[in-house]
Visitor: 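Take this structure, written in structure tokens, and hold onto it; I'll ask about it next.
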There are 2 protein chains.
Amino acid sequence: MRIGELAERAGTTTRTLRYYESRGLLPARRGENGYRTYDEHDLRLLRQIRTLQDFGFDLEETRPFVECLRAGHPEGDSCPASLAVYRRKLGELDTLIEELRSVRAQVAGQLLRAEQARDELAAESRVPGGPEPECELGGQTW
Amino acid sequence: MRIGELAERAGTTTRTLRYYESRGLLPARRGENGYRTYDEHDLRLLRQIRTLQDFGFDLEETRPFVECLRAGHPEGDSCPASLAVYRRKLGELDTLIEELRSVRAQVAGQLLRAEQARDELAAESRVPGGPEPECELGGQTW
DNA sequence: GTTTGCCTTGACGTCGGCGTCAAGGACTAC
DNA sequence: GTAGTCCTTGACGCCGACGTCAAGGCAAAC
């Protein structure tokens, strides 16, 4: 199988495969004509990489999984180094999710506060002085 | 106030301020000597930018807030364009958090499965055939 | 034989938000 | 005057995972 077919079967591009090879992650044998040659096992490795990439793993983080498969283990995560990556990733995800939840809460709070300030201003101007509730920005009047 | 002082008071760098200026976000007046000159209002604008950046807003997303302040409004989010950014950001955060939670669940599932497979293999080899539970990868024996 | 389609390597571009260096001007302190 | 500290513009570097060209080779179909 040549590079184009492998790329297509894995749902990626030839550029990506050459990039992986340049990183030493997915080396290829060469045919007489210099073309890269791959087999089903390479497809397996590639799919492992892609799956982890889809999960947001850095390319380097997929290396233990690939090496594990290449060492003949049944799964990419059949080796302790892969499990260590899983665990580290879980920790990173937990931290990140917590941070995002915190940011979300703060933004929601700001939005609420800003909307209330806006409404109070609107109510105020409707009653005592006289109406003057315009904002020149944003293309719309409140 | 010159650029160095402003940077220090806002906890950032002169490079950052020049960058903001190059993006048209925080233009500066110039003194006779060509030095950039800022006042307290600029510090206000800058702090608004930094706060939003810390929340993970893109630089461009801070523009409505800055323009709102510059238009004389009491807060950066006193304008509808700013509120729109808040709301869009909330949506993005929700989406992102959900994606990360999904990934987290999948990774946790994979880890669990891999650990079980490992333990079953270990138990298997302790009973019938003979012990052969070594993995050459990862530098440790299970 | 020539067109078509795949392949090769090499190298520059992308995106955001700056960091970092270089060469030189402005101003203050001594 | 000169040392030191600030300022100026310009320009390249960085990071990751490729995208996108360019120039050319190999092979099969017409």
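Chain naming here is simple, since letters A, B, ... match the order of the sequence lines and numbering starts at 1 in each. In what follows, every heavy atom counts, from backbone to side chain, and hydrogens, waters and symmetry copies are set aside.
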Visitor: Whole Å only: how far is the CD1 atom of Ile3(B) from the P atom of dC18(C)?
Guide: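 My rounded result for the distance is 13 Å.
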Visitor: Rounded to the nearest angstrom, tell me the gap between atom CD in Glu61(A) and atom C1' in dA17(D).
Guide: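 Going from CD in Glu61(A) over to C1' in dA17(D) covers 14 Å.
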Visitor: Start with the C-alpha distance between Lys89(B) and Glu92(B), add both sets of side-chain angles, then the distance that settles salt bridge (Lys or Arg N to Asp or Glu O under 4.0 Å), and finish with yes or no.
Guide: CA-CA 5 Å; Lys89(B) 207 68 189 176; Glu92(B) 289 175 14; 3.4 Å; yes
Visitor: Rounded to the nearest Å, what distance is computed from the CZ atom of residue Arg15(A) to the C1' atom of nucleotide dG16(D)?
Guide: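 These atoms are roughly 12 Å apart.
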Visitor: Not counting sequence neighbours, which residues clear salt bridge (charged side-chain N to carboxylate O under 4.0 Å, His left out) with Asp54(B)? List them please.
Guide: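 Per chain and number, Asp54(B) pairs via salt bridge (charged side-chain N to carboxylate O under 4.0 Å, His left out) with no residue.
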Visitor: For Arg87(A), give me all partners under side chain to side chain donor-acceptor pair (under 3.5 Å), at least two apart in sequence or on another chain.
Guide: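 Arg87(A) satisfies side chain to side chain donor-acceptor pair (under 3.5 Å) with Glu115(B) once adjacent residues are dropped.
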Visitor: Counting only side-chain nitrogens and oxygens, does Arg18(B) get under 4.0 Å of the OP1 or OP2 atom of dC18(C)?
Guide: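 Result: no.
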Visitor: Sequence neighbours excluded, which residues qualify as salt bridge (charged side-chain N to carboxylate O under 4.0 Å, His left out) partners of Glu75(B)?
Guide: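 Salt bridge (charged side-chain N to carboxylate O under 4.0 Å, His left out) check on Glu75(B) returns Arg44(B).
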Visitor: Does a side-chain N or O from Tyr20(B) land closer than 4.0 Å to OP1 or OP2 of dC18(C), or not?
Guide: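 Checking dC18(C) against Tyr20(B), a side-chain N or O does come within under 4.0 Å of OP1 or OP2.
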Visitor: What residues form a salt bridge (charged side-chain N to carboxylate O under 4.0 Å, His left out) with Asp119(A), not counting sequence neighbours?
Guide: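 For Asp119(A), no residue satisfies salt bridge (charged side-chain N to carboxylate O under 4.0 Å, His left out) once neighbours in sequence are set aside.
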Visitor: Going by the rule salt bridge (charged side-chain N to carboxylate O under 4.0 Å, His left out), which residues pair with Arg18(B) if we only count those two or more places apart in sequence or in a different chain?
Guide: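 Partners of Arg18(B) under the salt bridge (charged side-chain N to carboxylate O under 4.0 Å, His left out) test: none.
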Visitor: Identify, residue by residue, the members of residues 21-38 of chain A with a heavy atom below 4.0 Å from DNA chain C, and return them in order of residue number, or none.
Guide: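 Only Arg30(A), Gly34(A), Tyr35(A), Arg36(A) qualify.
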Visitor: Taking only heavy atoms on the protein side, list every residue of residues 41-56 of chain B lying under 4.0 Å from any atom of DNA chain D, sorted numerically.
Guide: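 The stretch gives none, as no residue of it lies under 4.0 Å from the strand.
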Visitor: Let me know the distance between CD of Glu8(B) and P of dC7(D), rounded to the nearest Å.
Guide: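 These atoms are roughly 10 Å apart.
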Visitor: Report the distance from atom CG of Leu17(A) to atom C1' of dC6(C), rounded to the nearest whole Å.
Guide: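 Spelled out: CG on Leu17(A) to C1' on dC6(C) is 15 Å.
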Visitor: Is the phosphate of dA17(D) approached by Thr16(A) (side-chain N or O, under 4.0 Å from OP1 or OP2)?
Guide: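 No.
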Visitor: If the condition is side-chain contact (heavy atoms from CB on, under 4.5 Å), which residues does Arg9(A) pass it with, not counting sequence neighbours?
Guide: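 Arg9(A) satisfies side-chain contact (heavy atoms from CB on, under 4.5 Å) with Met1(A), Glu5(A), Glu40(A), Leu43(A) once adjacent residues are dropped.
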Visitor: With each end axis built from five pairs of C1' atoms, what bend angle do you get for the helix from dG1(C)-dC30(D) to dC30(C)-dG1(D)? Round to 10°.
Guide: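 The angle, to the nearest 10 degrees, is 40°.
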Visitor: Test your reading of the model: is there a side-chain donor-acceptor pair from Asp39(A) to the backbone of Asp42(A), 3.5 Å cut-off?
Guide: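 Yes; judged by distance alone, with no hydrogens or angles, the pair exists.
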Visitor: Tell me whether the OP1 or OP2 atom of dC7(D) has a side-chain N or O from Thr14(B) closer than 4.0 Å.
Guide: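 No, outside the criterion.
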Visitor: Only pairs at least two apart or in different chains count here, so list each ring-ring contact (aromatic ring centres under 6.0 Å, His included) that has a residue in residues 93-118 of chain A.
Guide: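 Every candidate ring-ring contact (aromatic ring centres under 6.0 Å, His included) pair involving residues 93-118 of chain A fails, so no pair, neighbours aside, qualifies.
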Visitor: Provide, to the nearest angstrom, the distance between the CG atom belonging to Leu59(A) and the P atom belonging to dC18(D).
Guide: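 The distance from CG of Leu59(A) to P of dC18(D) comes to 7 Å, rounded to the nearest Å.
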Visitor: For a quick check under 3.5 Å, do Arg113(A) and Gln110(A) share a side-chain donor-acceptor pair by atom type?
Guide: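 The answer is yes; a qualifying pair exists.
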Visitor: By the ring-ring contact (aromatic ring centres under 6.0 Å, His included) test, which pairs, at least two apart or in different chains, include something from residues 12-71 of chain A?
Guide: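 ring-ring contact (aromatic ring centres under 6.0 Å, His included) check on residues 12-71 of chain A returns Phe65(A)-Tyr86(A).
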Visitor: Specify the residues of residues 90-102 of chain A, ordered by number, for which at least one heavy atom lies under 4.0 angstrom from an atom of DNA chain D.
Guide: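 Those residues whose heavy atoms fall under 4.0 Å from DNA chain D, taken from residues 90-102 of chain A, amount to none.
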Visitor: In whole Å, I'd like the distance from the CZ atom of Arg2(A) to the P atom of dG5(C).
Guide: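 Atom CZ in Arg2(A) sits about 14 Å away from atom P in dG5(C).
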